[in-house]
Protein chains: 2
Amino acid sequence: MSDAEDFSDGEPCSLREVLGLVGDKWTMQILVRLTDGPRRFSELEHGIEGISRRMLALTLRNLERNGLVTRTVYAEVPPRVEYAITPHAAELDEPLHALSAWASKHRAIVGEARRAYDATKAS
Amino acid sequence: MSDAEDFSDGEPCSLREVLGLVGDKWTMQILVRLTDGPRRFSELEHGIEGISRRMLALTLRNLERNGLVTRTVYAEVPPRVEYAITPHAAELDEPLHALSAWASKHRAIVGEARRAYDATKAS
DNA sequence: CCGAATCCGCCTAGATACTG
DNA sequence: CAGTATCTAGGCGGATTCGG
């Protein structure tokens, strides 16, 4: 199935690689939730606003495939499945927070830049 | 025109905001090139592997709109247009390098995780 | 040289319904 | 509860063409 970048080549642009892993619409939000501890499928489904069951499943599959999340099935009734972050993904926490901090700091400036730009273009 | 997130709401998830700004296919690569200094349109076009003229123009427009890049037109013949990074975007450099470092460190592990996962699924 | 406009194929997310 | 299967529409990106 799909596979944006291979992670098998030499040294292209590491940035794009990370983005290929966590840069999509839902991955980050899942990762953030899992930093607090393991979560069940339905916990994630209800906790993340607007995500569909399909996208949650697909995104979790990818995370699992890339070794960023582990999937544990408990043989119970009713069935229970827990997802947990791996140590590797946990190390993403700091860089991600740095990015988040940038957004918080520059949010107002970006908003103002947009208004200014749109105003001049409103011919 | 399009506008994923508004930057006008209270405090949703800053991460998604940054990703909305620089998380697409080309923005990062353009930004990285511009950290070395101002570049012309055609310099970027030829320097970035695989980008189309259309996508370069669109991506630059967005960067300009968000106040991350400035566009300067020189009244010459032939016409010359230079793009430069703004101080705000320059501050993205460090967080981005942190992400890049993560990718370099975990590249092998991710690759191995994928092979392992795909192997077990090759039923 | 720098872009805007148009056309168009592909991918992907969303909705919905079904299974273990 | 925790997924999978199928269908469809809309966005995105590439190619091409025209304008400043």
Side-chain angles (χ1 to χ4, degrees), chain A residues 1-5 16 19-30 33-34 38-65 69-84 117-118 120-123, chain B residues 1-6 16 19-30 33-34 38-66 69-84 117 120-121 123:
Chain A
M1 204 180 290
S2 69
D3 195 9
E5 10 276 323
R16 299 239 45 251
L19 289 178
L21 288 179
V22 302
D24 62 291
K25 190 174 181 182
W26 304 112
T27 299
M28 289 281 208
Q29 303 179 58
I30 294 177
R33 306 250 163 191
L34 291 184
R39 290 294 137 87
R40 306 183 56 170
F41 187 90
S42 42
E43 288 180 302
L44 293 170
E45 184 181 1
H46 297 126
I48 298 178
E49 182 80 11
I51 197 171
S52 65
R53 191 168 299 173
R54 170 189 154 86
M55 287 317 297
L56 179 56
L58 285 179
T59 309
L60 284 171
R61 288 285 150 269
N62 265 328
L63 282 168
E64 190 191 355
R65 180 166 112 97
V69 155
T70 59
R71 177 174 181 270
T72 312
V73 182
Y74 296 90
E76 304 173 356
V77 266
R80 182 164 60 105
V81 180
E82 277 193 351
Y83 293 91
Y117 183 92
D118 293 346
T120 67
K121 299 299 175 181
S123 56
Chain B
M1 203 178 291
S2 69
D3 196 9
E5 10 277 322
D6 267 352
R16 298 240 45 251
L19 288 178
L21 288 179
V22 303
D24 62 291
K25 189 172 180 183
W26 304 111
T27 299
M28 289 282 207
Q29 303 180 58
I30 294 176
R33 307 249 163 192
L34 291 184
R39 290 294 139 86
R40 304 185 57 172
F41 187 89
S42 40
E43 286 182 302
L44 293 170
E45 184 180 1
H46 297 126
I48 299 177
E49 183 81 9
I51 195 171
S52 67
R53 193 170 299 176
R54 169 189 155 86
M55 287 318 296
L56 180 55
L58 285 179
T59 309
L60 285 171
R61 289 282 84 76
N62 264 328
L63 283 169
E64 190 191 357
R65 181 167 113 94
N66 294 325
V69 155
T70 60
R71 178 174 180 271
T72 311
V73 182
Y74 295 91
E76 304 173 356
V77 269
R80 182 164 60 104
V81 181
E82 276 195 350
Y83 294 91
Y117 183 92
T120 67
K121 298 300 176 182
S123 56

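Quick note on labels: first sequence line is chain A, next is B, and so on, each numbered from 1.
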Any side-chain N or O of [X] less than 4.0 Å from the OP1 or OP2 oxygen of [N]?
X       : N      : value
B:Trp26 : D:dC12 : no
A:Arg40 : D:dA2  : yes
B:Lys25 : D:dG11 : no
B:Ser52 : D:dG13 : no
B:Tyr83 : C:dG3  : yes
B:Arg61 : C:dA4  : yes

Value in whole Å for how far the [atom2] atom of [N] lies from [atom1] of [X]:
X       : N      : atom1 : atom2 : value
A:Asp24 : C:dG14 : CG    : P     : 11 Å
B:Leu44 : C:dG3  : CG    : C1'   : 14 Å
A:Leu56 : C:dA15 : CG    : P     : 14 Å
B:Ile51 : D:dG14 : CD1   : P     : 8 Å
B:Met55 : D:dG11 : CE    : P     : 15 Å
A:Glu49 : C:dG14 : CD    : P     : 12 Å
A:Arg71 : D:dT4  : CZ    : P     : 7 Å
A:Leu58 : D:dG3  : CG    : C1'   : 11 Å

- Residues which pass side chain to side chain contact (heavy atoms under 4.5 Å, CB included) with A:Ile48, listed by chain and number, not counting sequence neighbours: A:Trp26, A:Gln29, A:Ile30, A:Arg33, A:Ile51
- Message: According to side chain to side chain contact (heavy atoms under 4.5 Å, CB included), who are the partners of A:Val73, at least two apart in sequence or on a separate chain?
- Response: A:Arg71, A:Val81
Under 3.5 Å, sequence neighbours excluded: what are the donor-acceptor pairs made by side chains of residues 38-47 of chain B?
| from | atom 1 | to | atom 2 | distance (Å) |
| --- | --- | --- | --- | --- |
| B:Glu43 | OE1 | B:Arg40 | N | 2.7 |
| B:Glu45 | OE2 | B:Arg53 | NE | 3.3 |
| B:His46 | ND1 | B:Ser42 | O | 2.9 |

Could you list all N or O pairs between the protein and nucleotides 5-9 of chain C that sit under 3.5 Å apart?
| from | atom 1 | to | atom 2 | distance (Å) |
| --- | --- | --- | --- | --- |
| C:dT6 | O4 | B:Arg54 | NH1 | 3.4 |

Check every atom of [options] against the side chain of [X] and return the nucleotide holding the closest atom.
X       : options               : answer
A:Arg53 : C:dG20, D:dG14, D:dT4 : D:dT4
A:Pro79 : C:dG20, C:dC1, C:dG3  : C:dG20
B:Val81 : C:dG3, D:dC1, D:dG3   : C:dG3

- Query: Which residues pass the side-chain hydrogen bond (donor to acceptor under 3.5 Å, both in side chains) test with A:Arg61, sequence neighbours left out?
  - Reply: A:Glu64
- Item | A:Thr59: partners by side-chain hydrogen bond (donor to acceptor under 3.5 Å, both in side chains), with sequence neighbours left out | none
- Message: So A:Tyr83 and A:Leu60, do their side chains get closer than 4.5 Å, heavy atoms only?
- Response: yes
- Query: Excluding sequence neighbours, so at least two apart, what forms salt bridge (Lys or Arg N to Asp or Glu O under 4.0 Å) with B:Glu49?
  - Reply: none
- Message: Closer than 3.5 angstrom, by distance alone: can the side chain of A:Thr120 be matched with the main-chain N or O of A:Tyr117 as a donor-acceptor pair?
- Response: yes
- Rounding to 0.5 Å, atoms CZ (B:Arg80) and OG1 (B:Thr72) come to a distance of 9.5 Å
- Message: Return the OG1 to CG distance between B:Thr27 and B:Leu58, rounded to the nearest 0.5 Å.
- Response: 10.5 Å
- Axis bend over the full length of the helix from C:dC1-D:dG20 to C:dG20-D:dC1, computed from five pairs that close each end, to 10 degrees: 40°
